[in-house]
Amino acid sequence: MKLPLTDRLIPIIADDILVDPKFGTGVVKVTPAHDPNDYAVWGRHQGKQDQIDLINILAPDGKLLDDDRWRKYAGLKREQARTKVVEDLKASASS
């Protein structure tokens, strides 16, 4: 699966603990550097074929780190970046 805006490929993994197929679609996006439940998923899948990366995008001051994968948002404070990402997702959905 390709992540919108960055075109980064995200692996699809199976996790019997986090995902509840009786609730919603039974699919969740895992961001282990930002959520304790997702971090636990990351830990359970280390060394397995469906291992996922731990990616931190935030500097201690709350600004997005400078990285080619999200250069457009680098240097923005978290709230500014979130607003810009939402705007960009809406724009890409309408095109």
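Computed from a predicted structure; not experimentally measured. We use all heavy atoms of the structure for the numbers below, so side chains are in, but hydrogens, waters and symmetry mates are not. All residue numbers refer to positions in the sequence shown, counting from 1.
D67 and R69 are joined by a salt bridge, as a carboxylate oxygen and a charged side-chain nitrogen come within less than 4.0 angstrom of each other.
The neighbour count for Q49 CD, taken as heavy atoms of other residues, nucleotides or ligands under 6.0 Å away, does not exceed 12. By the 6.0 Å contact criterion, CZ on R8 is enclosed, its count of non-hydrogen atoms from other residues, nucleotides or ligands being greater than 12. Annotation for D16: atom CG does not count as buried by contact number, only 12 or fewer foreign heavy atoms lying within 6.0 Å.
Within the structure, the ring-ring contact (aromatic ring centres under 6.0 Å, His included) test picks out the following pairs touching residues 41-94 (sequence neighbours left out): Y39-W42.
At distances below 3.5 Å, not a single donor-acceptor pair connects side-chain atoms of K77 with backbone N or O atoms of L64. Although no hydrogens or angles enter the test, the distance criterion places a donor-acceptor pair under 3.5 Å between the side chain of Q51 and the main chain of G47. D38 contributes a side-chain N or O that, together with a main-chain N or O of T31, makes up a donor-acceptor pair within less than 3.5 Å.
Clustering ILVMFWY residues whenever any of their side-chain heavy atoms sit less than 4.5 angstrom apart, transitively, puts I55 in the very cluster that holds L76. By the criterion of side-chain heavy atoms lying less than 4.5 angstrom apart, applied directly or through intervening Ile, Leu, Val, Met, Phe, Trp or Tyr residues, I52 is not grouped with I10; the two fall into different hydrophobic clusters.
Side-chain contact between V30 and D35 is absent, with no heavy atoms from C-beta onward closer than 4.5 Å. Annotation: side chain of D50 is not in contact with side chain of P11 (no heavy-atom distance under 4.5 Å). Side chains of D15 and R44 form a contact here, defined as non-hydrogen atoms less than 4.5 Å apart. Using a 4.5 Å heavy-atom threshold, the side chains of L58 and L65 count as separate.
K72 meets the side chain to side chain donor-acceptor pair (under 3.5 Å) test with D88; sequence neighbours excluded.
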request  = Under the side-chain contact (heavy atoms from CB on, under 4.5 Å) rule, what do L9 and L3 come out as? Steps first, then yes or no, please.
outcome  = CA-CA 6 Å; L9 293 177; L3 185 64; over 6 Å; no

request  = Kindly indicate, with the supporting measurements, whether the criterion side-chain contact (heavy atoms from CB on, under 4.5 Å) is fulfilled by I17 and V41.
outcome  = CA-CA 8 Å; I17 296 172; V41 171; over 6 Å; no

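Among all heavy-atom pairs drawn from P32 and L54, the shortest one is C-CD1, 3.5 Å.
Atoms CZ and CG, on R78 and D61 in that order, are 12.0 Å from each other to the nearest 0.5 Å.
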